[in-house]
Amino acid sequence: MLRTALLLLSLLPAFAGAAAPDVECVVPSKPGGAMDLTCKLARHGLLQSAASAPFASSVRISYLPGGIGAVAWRSMGSQRRRAEANTLVAFSGGSLLNLAQGKFGNAKAGDVRWVAALGADYGMIAVRSDSPYKTLADLIAALKRHPDKVLIGVSGTIGSQDWLKMALVARHAGIDPKVLRFVALEGGGEVFTAMQAGYVQVMSGDTSEATLNADDSQARVLAVLSEKRLPGVLAGVPTAREQGIDVVWPIIRGLWMGPQVPEQDYQRWVTTFERAMATPQFAQWRAQAGMFPFALTGDKLTQYVNQAVERYSRQAAELGLMR
């Protein structure tokens, strides 16, 4: 009887009855984009006061841009950081796409530990509020007439998630994506800044980024790449499908950690996020961040990631984008 009780006690989370940990959440891009939002959502969830005790005593957000996630991947894979038990790294569907295309070198999905998917959002196409393009049809007409005169800002280079979204829209409209002019930038926040400054005329980004900038009168979203119109501040924006362009692009958003994090610590964080995401407060914060329900953790998330990377690999091969 005593042995059974001791065994059950040993299976309790490592932090039960102990001080909540100090956490670092790494944003693999510059401030202001959807990766930034992911870490801020995680911080809300871990510090929420509604819990009997916060899941973390502090959450520090750090920024490690470069290579659309490649620098952060290499850093966390280094011998110095690969076993850090309280360091989380934000990722998106775009991260998985880059991984599938070999943009992280020889990295594989199994090289890190996938912790939790916190939510999802969708692709979108936006312009400045003073742009002559009032609708997606206006933009497509301009691209057909003078594709060389319309600069399109994207996070990443050719083959990136933002590039693919705009390329698919163009192809469905009968435009060869190769004639379009893309400007590669680092993160959605930088793309918005470039558009506001007039450096680019169009941006291919994410609805969470558009929600973040919803109060900014300098941007107008022409289309969301979702199955149906979205609730919230973008409720008045038509889908691309409504406008005759059958392109839908959902985007997962979540967290991973280093490959040598001990199993006990990894399972502790899996359980922590399962509990944090089950609260009503988390649902509110997720909606405020422009994200929608999509919760997976641990083994189920790992399975999803592996399948997504395989799917992206096939798509990239079909488009001639594989390295």
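In the hydrophobic cluster analysis, where Ile, Leu, Val, Met, Phe, Trp and Tyr join through side-chain heavy atoms closer than 4.5 angstrom, I251 is grouped together with L97. I175 and W163 fall within the same hydrophobic cluster, defined by Ile, Leu, Val, Met, Phe, Trp and Tyr side-chain heavy atoms under 4.5 Å apart, directly or through other members. V237 and V248 end up in different hydrophobic clusters when Ile, Leu, Val, Met, Phe, Trp and Tyr side chains are linked at under 4.5 Å. Side-chain heavy atoms closer than 4.5 Å link hydrophobic residues (I, L, V, M, F, W, Y) into clusters, and following such links, even through other members, never connects L64 to I61. Note on V200: it clusters hydrophobically with V221, by side-chain heavy-atom contacts below 4.5 Å among ILVMFWY residues.
A distance-only check finds a donor-acceptor pair linking the side chain of H172 to the backbone of D246 [under 3.5 Å]. With D121 contributing its side chain and S208 its backbone, the two residues share a donor-acceptor pair below 3.5 Å. Side-chain atoms of Y304 do not come within 3.5 Å of backbone N or O of T297 as any donor-acceptor pair. Judged by distance alone, with hydrogens and angles left aside, the side-chain atoms of T207 form no donor-acceptor pair with the main-chain N or O of A210 at under 3.5 Å. A distance-only check finds no donor-acceptor pair linking the side chain of Q201 to the backbone of V150 [under 3.5 Å]. Between the side chain of R81 and the backbone N or O of M76 there is no donor-acceptor pair closer than 3.5 Å. In this structure a side-chain-to-backbone donor-acceptor pair under 3.5 Å is missing from K165 to M124. No side-chain donor-acceptor contact under 3.5 Å links E24 to the backbone of V59. In this structure, the side chain of K144 engages the main chain of A173 through a donor-acceptor pair within 3.5 Å. For the pair T193 (side chain) and G189 (backbone), a donor-acceptor distance under 3.5 Å is present.
Taking 4.0 Å as the cut-off between side-chain N and carboxylate O, K178 and D176 do not count as a salt-bridged pair. At a threshold of 4.0 Å, the pair R253-D206 counts as salt-bridged, since one of the basic side-chain nitrogens sits closer than that to a carboxylate oxygen. With salt bridges taken as basic N to acidic carboxylate O contacts below 4.0 Å, one links R229 and E242. R60 has no carboxylate O lying under 4.0 Å from a charged side-chain N of D22, or vice versa, which leaves the two without a salt bridge.
The shortest non-hydrogen separation linking A137 to Q243 is N-OE1, 4.3 Å. Looking at every heavy atom in both residues, M166 comes nearest to S204 through N-OG, 3.9 Å. Contact detail for S313 and A100: the closest heavy-atom pair is OG-CB, 3.4 Å.
Here salt bridge (Lys or Arg N to Asp or Glu O under 4.0 Å) pairs that include residues 29-46, with residues two or more places apart or in two chains, are K30-E190, D36-K40. Every pair passing salt bridge (Lys or Arg N to Asp or Glu O under 4.0 Å) that includes a residue from residues 105-115 is listed here, sequence neighbours excluded: R113-E263.
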Practice task
Apply side chain to side chain contact (heavy atoms under 4.5 Å, CB included) to L230 and F292, showing your working.
Solution key: CA-CA 9 Å; L230 303 174; F292 304 91; 3.8 Å; yes

Exercise for the section: Could you walk me through whether I140 and I245 pass the side chain to side chain contact (heavy atoms under 4.5 Å, CB included) test, one step at a time? Expected result: CA-CA 10 Å; I140 289 171; I245 304 296; 3.8 Å; yes

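Atom CD1 of I252 sits about 6.0 Å away from atom CG of L296, to the nearest 0.5 Å. The CE atom of M195 lies 13.0 Å from the CG atom of L151; values are rounded to the nearest 0.5 Å. The CE atom of M257 lies 9.0 Å from the CD atom of E84; values are rounded to the nearest 0.5 Å. Rounding to the nearest 0.5 Å places CD of Q260 at 15.5 Å from OH of Y266. In this structure, OH on Y122 lies 12.5 Å from CG on L234, to the nearest 0.5 angstrom.
The shortest side-chain heavy-atom distance between T38 and M291 falls under the 4.5 Å cut-off. S160 places none of its side-chain heavy atoms less than 4.5 Å from the side chain of F182. Between M203 and F192 the shortest side-chain heavy-atom distance falls below 4.5 Å. Here the side chains of W269 and L46 are in contact, with some heavy-atom distance below 4.5 Å. Between V127 and L222, the closest side-chain pair of non-hydrogen atoms falls below 4.5 Å. With a 4.5 Å cut-off on side-chain heavy atoms, L185 and S155 do not count as touching. Within the 4.5 Å cutoff, the side chain of L225 has no heavy atoms near those of the T239 side chain. Between D148 and R181, the closest side-chain pair of non-hydrogen atoms falls below 4.5 Å.
The environment of CD1 in I158 is sparse: at most 12 heavy-atom neighbours from other residues, nucleotides or ligands sit within 6.0 Å. Around NZ of K134, the count of heavy atoms belonging to other residues, nucleotides or ligands within 6.0 Å exceeds 12.
In this structure, Y133 has no ring-ring contact (aromatic ring centres under 6.0 Å, His included) partners at least two apart in sequence or on a different chain.
Between W73 and F104, the ring-plane angle classifies as tilted under the 30° and 60° cut-offs.
In this structure, a donor-acceptor pair under 3.5 Å is present between the side chains of R268 and N86. Under 3.5 Å, the side chains of W249 and Q161 contain a donor-acceptor pair of N or O atoms. Checked by atom type, the side-chain pair T279/Q48 shows a donor-acceptor distance below 3.5 Å.
Applying side chain to side chain contact (heavy atoms under 4.5 Å, CB included) to L301 and the options W256, F273, W114 leaves one that passes, W114.
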